[in-house]
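First up is the structure itself, then whatever we jot down about it.
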Amino acid sequence: MIINELRPREDYIYIRALTSIRNSLDRLLPPASLPREYLIAEPPENIDADFSYPLSRERVALSDQEKIAKEVSESLSRDLGLSATVQVTAGYLNIKLDSNQYTSEFFREFSSMGDSYGTHGNIRLKIVVEHTSANPVHPLHLGHARNSCLGDTLARLLRFYGTNVETRFYVDDVGRQIAVLVYGLSKLLDEGKSIDTLSSGWKIDHWIGKIYALTNLLVEMNALKKELKNASDEKYRELIGKQDELVGEIARLRDEVPEAFEVLSSKIMQDEEPEKEIARISILYERGDRGVASQYRHIIEKVLQGFKETLERMNVKFDKWDWESDLIWNGEVERILSQARRSPIFSSVKGSEGLDFSLIINEKVKIELNIPKEMEIPPLVLKRSDGTTLYPTRDIAYSIFKFKESKADYVINVVGKEQMLPQAQIRLALYALGYPDLAKRLIHYSYEMVNLKGFKMSGRRGRYITVDELIQKAEEMAKIELERRNRNLDEIQSRAISEKIGIGAVRQSLVSISADKPITINLEDIINFEKNTGPYLQYTYARASSLLRKAEEKGESFAGISEDIDPITWRIIRKESAFPYIIYKSAKELKPEILVAYLGELAQMFNKWYDTVPVLSDPEPSSRRMKLQLVASTRAILKNSLYILGIEPLEKI
RNA sequence: GGGCCCGUAGCCCAGCCAGGAUAGGGCGCCAGCCUCCUAAGCUGGUGGUCCGGGGUUCAAAUCCCCGCGGGCCCGCCA
């Protein structure tokens with residue numbers, strides 16, 4: 001999963017050095033099967049060098065090794081005007097750069113680029129990131145938190161890199177789930193009250209989540225009761241067990257929304273065939289029935305309002321909100337269906353209209369569309385027998401819409417791993433229906449599930465931890481930690497800071513783990529404030545900021561570098577000069593965790609340096625000025641990175 | 001039954017794509033550091049059959065094969 005078009009900007013010193021070394025190796029060595037820059041790395045700490053390359057893998061004669069060392073050194077001097085001593089030790093080419101020359105070049109480019117340090121210019125590439133897209137039937141929960149943080153961070157990262165990014169939220173308002181909610185809610189609204197009145201005291205999406213879950217459970221109960229009537233003895237026992245479970249779930253919700261429960265339970269349990277009614281509503285909505293549509297939209301807008309509040313707290317914003325139903329009403333979905341009917345892979349699947357991919361699928365197609373070799377793709381049913389559409393059908397239309405409407409080069413769908421198969425089917429459908437290029441540029445950015453220890457989450461049953469609860473918990477913990485330090489902050493300041501720290505903790509932790517690892521957490525784990533966390537970065541930033549504030553007050557200058565650069569300082573400078581490369585790499589590979597890991601290392605180096613090296617009290621002016629420049633560059637890198645992570649920098653903590 | 005992913009210290013994770021120097025961080029635990037720029041910090045110590053077994057290679061946590069354990073998917077749900 002990479003964005004192939006992204007290239008590193010060639011005028012950063014770190015990237016120039018890397019390129020120069022790679023070029024000289026390529027000149028003297030036989031062609032390699034992979035770009036040699038991948039293997040040019042920082043050596044272990046006990047080796048006194050800045051870059052190294054494992055020459056032993058190249059099987060070159062000893063005499064040639066010397067020649068290579070000489071060429072690498074000469075080319076660095078020629079290409080960058082940088083003196084370097086290059087030696088071969090233990091099969092490694094070890095390159096040691098002139099730290100003074102390198103440092104002054106680093107500071108020069110840093111000061112000339114200012115706030116944009118680390119970007120790669122404006123790339124003519126449009127990327128759509130669709131993420132979160134939660135069903136508007138319950139509040140955002142832990143799984144969505146991971147989705148939102150990943151999606152939003154990817155969008156910010158690509159934007160910072162220099163591509164043109166548009167974020168989109170798909171309002172999934174068609175299908176059974178939402179119809180269940182409308183069915184239940186309409187029973188309550190029949191009494192003549194408004195949603196706002198009924199939900200008073202609740203955050204609207206939280207209340208609606210309860211109503212949805214309760215409706216679902218009562219509908220299930222209704223069906224179960226009927227099944228019980230004509231069940232055999234053996235079956236009866238099994239169903240009774242299931243009933244007990246349902247009763248437990250319902251009782252839990254009854255206690256939370258007692259008034260709604262009274263109305264819903266009597267009405268739904270009396271209903272002869274709730275499923276029929278749910279299907280009827282759903283069909284009417286797809287047809288665009290005015291009454292039903294206004295009812296639907298009214299309810300969904302309420303839930304979206306709740307989503308927006310939560311997302312705003314997390315610093316997540318969307319450029320566009322797309323309604324699934326619009327794609328049906330404006331004929332986009334019907335167009336897909338008629339294209340499908342004309343396609344050679346159109347077939348009858350279990351008596352319904354569908355696509356049979358077995359006719360087009362082969363190894364080449366699988367590779368092109370990023371589908372695993374061994375994966376079997378079952379046929380895709382496009383329509384229910386009642387004539388309504390299925391989600392993948394609508395999503396085919398939506399995929400094309402995203403490409404067309406945004407004039408996108410890539411569309412990234414941040415969607416759970418469990419939807420791997422339908423996502424693959426959508427790519428195949430695009431491929432088969434005449435959009436092979438779009439199919440190749442539709443990326444399923446998949447992430448694994450988030451679970452709570454000892455707790456099975458279920459939206460349908462109303463069992464989940466909401467993002468709002470998560471955030472609140474994080475903020476409370478941050479506040480306690482903040483106030484324990486005895487700062488004289490008033491309540492307003494204290495709350496403002498702890499909100500930002502709480503979000504920092506949550507956002508950093510959710511993107512620091514690779515997306516393909518399942519997360520099982522307890523709330524205390526996700527929120528911590530020590531090393532390698534969002535708050536640690538915010539703290540480091542605040543430290544750097546206040547140092548610079550003090551320096552400015554004293555009228556210090558930030559120019560010039562000192563004669564001798566000590567090893568700790570040199571390490572940080574090298575690290576900081578790699579920042580643009582890290583941005584390039586994490587953007588190209590769509591891996592924010594690369595950036596996060598880098599930031600943890602940088603912050604740690606800086607804190608270590610900060611503790612050992614006096615800055616403001618350094619009596620030597622040139623050394624003091626260089627140190628201040630280093631603090632400034634650290635601060636700038638942290639600032640840009642925190643922006644990418646959607647975490648607010650704090651000037652003071 | 002088939003597929004995808006994960007398995008690295010008591011716990012959480014990076015490294016795997018692109019094989020290379022004694023396998024890195026963090027948490028925890030133990031011992032230190034605030035008359036000095038923010039102690040959400042810093043220093044030192046503790047802790048590893050890289051799930052197991054084969055294979056390829058000068059060299060395997062990394063590549064291949066066979067297993068084991070866990071998660072998810074295989075619906076006219078999304």
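Within every chain, numbering begins at 1; the chains are lettered A, B, ... in the order of the sequence lines, protein sequences first and strands thereafter.
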Side chain to side chain contact (heavy atoms under 4.5 Å, CB included) against [X], all qualifying residues, sequence neighbours excluded:
X      : result
A:D566 : A:I568, A:T569
A:R341 : A:E334, A:L337, A:S338, A:F346, A:E353, A:K383
A:S446 : A:K417, A:H444
A:S52  : A:P43, A:Y92, A:N94

Quiz item: What residues form a side-chain hydrogen bond (donor to acceptor under 3.5 Å, both in side chains) with A:E556, not counting sequence neighbours?
Solution: A:R624
Quiz item: So which of residues 602-614 of chain A are in contact with RNA chain B, with a heavy-atom cut-off of under 4.0 Å?
Solution: A:Q604, A:N607, A:K608, A:Y610, A:D611, A:V613, A:P614
Quiz item: In residues 171-182 of chain A, which ones come under 4.0 Å of RNA chain B, going by heavy atoms?
Solution: A:D172, A:G175, A:Q177
Exercise. Report, as a single string ordered 5' to 3', how protein heavy atoms within less than 4.0 Å touch nucleotides 61-70 of chain B: B base, S sugar-phosphate only, - not at all.
Key: ----------
Self-check item: Listed partners of A:K575 passing salt bridge (charged side-chain N to carboxylate O under 4.0 Å, His left out), at least two apart
Solution: A:E601
Practice problem: Report the residues that fulfil salt bridge (charged side-chain N to carboxylate O under 4.0 Å, His left out) with A:R427, sequence neighbours left out, ordered by chain and then residue number. | Solution: none
Listing time: all N or O pairs from protein to nucleotides 27-31 of chain B that are below 3.5 Å?
none

Exercise. May I have all residue pairs that pass ring pair (Phe, Tyr, Trp, His ring centres under 6.0 Å) and include part of residues 499-521 of chain A, sequence neighbours excluded?
Key: none
Quiz item: Counting only side-chain N and O atoms of A:S546, is one of them less than 4.0 Å from OP1 or OP2 of B:rU38?
Solution: yes
Exercise. With the side chain of A:Y38 defined as its heavy atoms from C-beta on, choose the nearest nucleotide among B:rA18, B:rA40, B:rC76.
Key: B:rA18
